[in-house]
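Notes to accompany the following structure.
What you are looking at is a predicted structure, and each value in this text was computed from that prediction instead of being measured. Values below: all heavy atoms of this structure, side chains included; hydrogens, waters and symmetry mates excluded. Atoms within each ligand, like the ligands themselves, are counted from 1 in listed order.
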Amino acid sequence: MPTRSGRACECRVSEQIAHISCVRLRRTQRIVTVGASHLVLIGLMGVGKSTVGRRVAAELGWPHVDSDQVIEARTGRPVREIWLADGEPTFRALEAEALRDALRRAEPTVIAAAGGVVLSADNRRALHDADAVVVWLTADPARLVERTRADAHRPLLDDDPEATLREMAITRDSLYREVADVVVEVGERTVEEIAADAVAALSSVDR
Ligand code: S3P
């Protein structure tokens, strides 16, 4: 069983849950408490944090907060515009603020964190210290290229998305691993299957 001190375990959640009592949920069922305040999804662009997050939130009956959406709502501007007009440092400051505010929410919340949150040591510390289970969604960069092809809202993927995502996997994987309680491989699995692993992570982490 993964622990907060041991951080991410190397195996897939689907393998871990053989050893724990699995939380089974009907769609209408509300979970009041499963041991942690929040469930945070982290991972590279295109891995499905927002889609899986919405699904998990619907299953748990929890609110869902998406970092990029919060930033866009607060500024009234698209992420692409902030990034290109104001620069990366301004965007990262907004990203950090969105994460901090989400982690401070009083009610249990599913948080789809932006892909870049782990770049900041302060953000990593906030994730580590938070009353939250952090789930790292991971996939092969080639798969992420396919999944992000149709989206034009990510300025970082404007030039050579495959090389960018491969480079990001190299530089960021150790950072995701540092803060993750559980690693979920996306592979070819459905949103429902991945969401089920994320829900199971809530009760599998010994906090
Ligand atoms: C970024 C990820 C994006 C968005 C921005 C930068 C990153 O969010 O915040 O384009 O540095 O990984 P998603 O991970 O939700 O796509």
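Of all protein heavy atoms, the one closest to atom 2 (C) of ligand 1 is Met45 CG, 3.4 Å.
No option in Asp129, Asn123, Asp122 other than Asp122 meets the side chain to side chain donor-acceptor pair (under 3.5 Å) test with Arg125. Shown are Asp181, Leu39, Val118; of these, the side chain to side chain contact (heavy atoms under 4.5 Å, CB included) with Val134 is made only by Asp181.
Counting heavy atoms under 4.0 Å from ligand 1, residue His153 does not touch it at all. Contact annotation: for Leu119 versus ligand 1, there are no heavy atoms closer than 4.0 Å.
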Audit row: Thr138, Val186, side-chain contact (heavy atoms from CB on, under 4.5 Å) steps and yes/no: CA-CA 6 Å; Thr138 181; Val186 168; over 6 Å; no

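Near Arg154, meaning under 4.0 Å from one of its heavy atoms, ligand 1 places the atoms 16 (O). Ligand 1 places these atoms under 4.0 Å from at least one heavy atom of Ala114: 9 (O), 14 (O). Near Leu156, meaning under 4.0 Å from one of its heavy atoms, ligand 1 places the atoms 6 (C), 7 (C), 11 (O).
Not one N or O on the side chain of Tyr176 forms a donor-acceptor pair closer than 3.5 Å with the backbone of Ala169.
Residue contacts with ligand 1: Gly46 is placed with no nitrogen or oxygen under 3.5 Å of a nitrogen or oxygen of the ligand (distance criterion only). Considering backbone and side-chain N/O of Trp83, none are found under 3.5 Å from N/O of ligand 1. When only interatomic distances are considered, the shortest N/O to N/O separation between Arg92 and ligand 1 falls below 3.5 Å. On a distance-only criterion, Asp68 and ligand 1 share at least one N/O pair closer than 3.5 Å.
Counting heavy atoms from C-beta outward, Val79 and His153 have side chains that stay 4.5 Å or more apart. Between Asp173 and Trp136, the closest side-chain pair of non-hydrogen atoms falls below 4.5 Å. Side-chain contact between Met168 and Met45 is present, with at least one heavy-atom pair separated by less than 4.5 Å.
By the 4.0 Å N-to-carboxylate-O rule, Glu192 lies close enough to Arg55 to be salt-bridged with it.
For the ligand labelled ligand 1, residue Arg172 lies inside the 4.0 Å heavy-atom shell.
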